[in-house]
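Worksheet: one structure, shown below.
Indexing begins at 1, ligand by ligand and atom by atom, following the structure's order. Model, not experiment: these values are computed from the prediction. Note: hydrogens, waters and symmetry copies are ignored here, and every other heavy atom, side chains too, is used.
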Amino acid sequence: MYYLLNNNDEKTLKSGSFSLEYGNFYILISDTRLDSMGLKSSHTAPILTEPTPRNKSRLQVPSHLLQYSGATFSPRMKAEIIEIRANNCLHSMESSSPPHKKSRDFNNELVATDMDGAYRAWQLKYPSALASFEQITNFAKGKRITLFLDYDGTLSPIVDNPDCAFMSNDMRVAVKNVAKCFPTAIISGRSRDKVYEFVGLTELNYAGSHGMDIMGPVRQSSAGYHDCIRSTNKQGKEVNLFQPASEFLPMIDEVFNSLVNNIEEIQGAKVENNKFCISVHYRNVDEKVENFPLASQIFIFHLLDWKTVAQRVHDVIRNYPRLRLTHGRKVLEVRPVINWDKGKAVTFLLESLGFSNYDDVLPIYVGDDQTDEDAFKVLREGNRGYGILVSSVPKESNAFFSLRDPQEVMEFLKSLVVWTKKTSTL
Ligand SMILES: O=P(O)(O)OC[C@H]1O[C@H](O[C@H]2O[C@H](CO)[C@@H](O)[C@H](O)[C@H]2O)[C@H](O)[C@@H](O)[C@@H]1O
């Protein structure tokens, strides 16, 4: 397989075997070559992507150049490829920022835009879990519902300051009540301690760091899970602690410090230590700084933008091939390259709860983010349960159903409680 690298630079690439202009993206490179350069990793986000639609029409690479015959790359080229990687990261940052839902007309009144129609059309594919409540509960008959809840954007609204993403008391009560009816777990990208601090309910199980830090019920068998140890929780109860990325802790701390040094001078940027992974927030950073003389960009720190964030993150993690980068909501997530994610955490917790047999259980996972897709996928495969995507804009997902926002999530949780009480008195 060959990759066509995307670059906006005006330079000429010359190699022993071919020479071509790459005004916008004219470098062809084989995947074996990328491997040998240590550039092709298991990153979830592609390191090198297809050309963007903007550039597509300008692609004029003669077909004979597809016969790559073994060019070597100078350190300068390598640096350029790292820059391209950062540029592609920037494209993902831009494309993961959906447009505003509403626009205003001349009278400053809210008018519906195409977005509303698009959302309704999208709901044909991902029906509202509230509108489909009966279908969900019909399927749950004879089964034990098990709930998995993401935190940010699902139980708490997205806010500018990650330290202030508090859930409402009403939501806390709703989660507490639902946890009395069904086994319930929170699976968050935050550190486990932090998300516990926000939720504050002892009756739940918690998985932090995108599932890489699970505190759950004592398992009867830990077969296949070598990093599983017995521990006690804050209430003195015996629990199982599963931390499959524990060997990465020193590396994560080191990278966290480098990122803080490199990123936090960018106004609005924030680096969050989530124990087994790191979040680099750019929600409050200027998206693009243009048309400023170079000197002012150097001396006035607040002129740094998303592109700078992407470049600096890549500059730091290029030295750590065992770390990868994924994208969330205006956040870059640095995490260990291990075969573990929120989907695996769901399977682990189901087994811990004694539900290895999927005929007896209906897992429901509610989440809003890219990392929740791994859990949706696990449930979709083999029709094991339902993923519910929380989103107010249309997006492709492995979920079955949708809810617009945390308010609707709360309504859904309350409906589950009412339904359980009704069915148990029948
Ligand atoms: O898995 P989650 O519980 O959804 O955690 C994912 C990340 O959520 C947080 O960041 C997001 O929410 C912030 C507060 O609303 C918001 O400011 C930020 O832009 C969002 O990306 C959290 O701070 C991250 O550490 C989590 O990884």
Counting heavy atoms only, which of E272, R190, E333 is nearest atom 7 (C) of ligand 1? E333
Which option, V159, N284, D152, owns the non-hydrogen atom nearest atom 16 (C) of ligand 1?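 When every heavy atom of V159, N284, D152 is considered, V159 comes closest to atom 16 (C) of ligand 1.
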Mind checking what makes side chain to side chain donor-acceptor pair (under 3.5 Å) contact with K307, not counting sequence neighbours?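 With neighbours one apart ignored, the set is empty.
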What residues form a side chain to side chain donor-acceptor pair (under 3.5 Å) with Y151, not counting sequence neighbours?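 Partners of Y151 by the side chain to side chain donor-acceptor pair (under 3.5 Å) criterion come out as none, since no residue qualifies.
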Consider only side-chain N and O atoms of N274 and S279, and report whether a donor and an acceptor are under 3.5 Å apart. yes
With atoms numbered from 1 as shown, which atoms in ligand 1 lie under 4.0 angstrom from a non-hydrogen atom of [X]?
X    : result
R283 : 16 (C), 17 (O), 18 (C), 19 (O)
V331 : 21 (O)
Y151 : 3 (O)
N274 : 25 (O), 27 (O)

Does P157 reach ligand 1, in the sense of a heavy atom lying below 4.0 Å from it? yes
Should K342 be listed as contacting ligand 1, given a heavy-atom distance under 4.0 Å as the test?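 Checking ligand 1 against K342, which is what was asked, there is a heavy-atom contact under 4.0 Å.
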May I ask you to identify the nearest protein heavy atom to [atom], giving residue, atom name and distance to one decimal place in Å?
atom                    : answer
atom 4 (O) of ligand 1  : D150 OD1, 2.7 Å
atom 21 (O) of ligand 1 : R329 O, 2.5 Å
atom 10 (O) of ligand 1 : H281 CE1, 3.4 Å

What's the shortest heavy-atom distance between S156 and F166, and which atoms?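 The pair with the smallest heavy-atom distance is CB-O, 3.7 Å.
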W340/F276 aromatic ring centres below 6.0 Å: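 No - the distance between ring centres of W340 and F276 does not fall below the 6.0 Å cut-off.
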K342 pairs by salt bridge (charged side-chain N to carboxylate O under 4.0 Å, His left out) with which of D374, D369, D372?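 That would be D372; it is the only one of D374, D369, D372 passing the salt bridge (charged side-chain N to carboxylate O under 4.0 Å, His left out) with K342.
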Have a look at E203 and tell me which of R172, K176, K237 forms a salt bridge (charged side-chain N to carboxylate O under 4.0 Å, His left out) with it.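 Option passing the salt bridge (charged side-chain N to carboxylate O under 4.0 Å, His left out) with E203: K176.
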Tell me the contacting part of D160 for ligand 1: side chain, backbone, both, or neither, using a 4.0 Å heavy-atom threshold, strictly below. backbone
With heavy atoms and a 4.0 Å threshold, my read on which part of S188 contacts ligand 1 is both
Do the side chain of N273 and the main chain of K275 share a donor and acceptor less than 3.5 angstrom apart? yes
So T154 and D150, side chain to side chain donor-acceptor pair (under 3.5 Å) or not? Walk me through it. CA-CA 6 Å; T154 298; D150 169 55; 2.9 Å; yes
Could you tell me the separation between the CD1 atom of I214 and the CZ atom of R192, rounded to the nearest 0.5 Å?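 The CZ atom of R192 is 10.0 Å from CD1 of I214, to the nearest 0.5 Å.
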[X], any N or O under 3.5 Å of ligand 1 N or O:
X    : answer
A165 : no
D372 : no
N161 : no

